[in-house]
Amino acid sequence: MSQQRKKLVVGNWKLHGRLADNAVLLDAVAQAASRLPEQVKVGVCVPCPYLAQTQTLLAGSVVGWGSQDVSAHLQGAYTGEVAAEMVAEFGATFAIVGHSERRAYHRESADLVAIKAGRALTAGLTPIVCVGETLEQREAGTTEQVVGVQLDEVLARLSLEEAARIVVAYEPVWAIGTGKSATAAEAQAVHAFLRKLLVARGAEVGGVSVLYGGSVKPDNAEELFRQPDIDGGLIGGASLKAQDFLAICNAAAATL
Ligand code: PEP
């Protein structure tokens with residue numbers, strides 16, 4: 001089934017960036033992406049203050065862009081929140097929701113993440129729904145249970161038509177920013193499980209892209225992306241270095 005799905009590589013800049021640095025990075029990404037086969041799609045999820053700059057610098061390029069979160073609310077007295085509709089106004093197409101850093105540091109529940117995914121879809125954005133287990137949960141043998149509940153909470157709130165428009169990112173918490181990626185076999189096993197859950201919702205939902213995230217680097221990207229149920233990557237640290245991010249995009253192209 002993965003043969004028919006395109007590869008998708010999305011950078012998550014987290015809380016990084018300055019106008020001058022962003023301009024150099026975005027230019028390099030736009031240029032390199034234009035040379036990739038059209039079956040490889042590239043995106044960057046930037047801090048919200050940089051959405052306008054990103055929209056300007058990526059206009060007309062093949063690179064998509066988006067935010068790293070959206071509010072569960074449409075509008076109102078929610079100081080500091082950014083609505084999905086606001087993000088969409090900048091021409092964005094992606095919004096990460098449920099990143100483990102938000103689940104951990106902002107106590108986001110599975111239910112809240114599901115509401116956010118719905119808000120993103122209603123605004124016309126593709127939510128990149130992150131799921132992943134902690135080291136304790138993996139060692140306790142509960143990985144499938146944890147990621148299964150995280151995904152099911154989101155799917156339960158969406159119509160089949162909406163569910164078919166999400167992207168899932170499997171990001172083991174112990175692999176994020178640690179330099180210790182899951183092995184290709186470990187990642188593939190969880191991706192196969194997630195794929196089974198998606199397929200159980202019907203053919204349309206079964207075709208959803210499932211990305212791997214967690215210390216993806218130029219030297220491990222290709223092996224990860226060659227796994228049958230891994231459709232690309234969500235890239236944190238390495239997305240801030242043009243050379244590394246572009247090498248990871250090229251690794252995706254090499255697997256076609
Ligand atoms: C992430 O933040 O989504 C991520 C995968 O980070 P890193 O690539 O740095 O592990």
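Atoms within a ligand are numbered from 1 in the order they appear, just like the ligands themselves.
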#### Entry: Inter- and intrachain pairs under ring-ring contact (aromatic ring centres under 6.0 Å, His included), touching residues 102-124, at least two apart
none
### Query
Same hydrophobic cluster for Val205 and Leu121, using side-chain heavy-atom links shorter than 4.5 Å among ILVMFWY?
yes
### Task
Would you please test Thr134 and Gln137 for side chain to side chain donor-acceptor pair (under 3.5 Å) and show each step?
CA-CA 5 Å; Thr134 63; Gln137 290 164 334; 3.2 Å; yes
### Task
Assign the ring pair Tyr212 / His191 to parallel, tilted or perpendicular, where the plane angle (0 to 90°) is split at 30° and 60°.
tilted
### Message
Between Glu162 and Arg157, does any NZ, NE, NH1 or NH2 come within less than 4.0 Å of an OD or OE carboxylate oxygen?
### Response
no
## Note on the structure
Contacts for ligand 1, heavy atom under 4.0 Å, by chain and number, are Asn12, Lys14, His99, Glu171, Ala175, Ile176, Gly177, Gly213, Gly214, Ser215, Leu234, Ile235, Gly236, Gly237
### Message
Any carboxylate oxygen within less than 4.0 angstrom of a Lys/Arg side-chain nitrogen, looking at Glu108 and Arg102?
### Response
yes
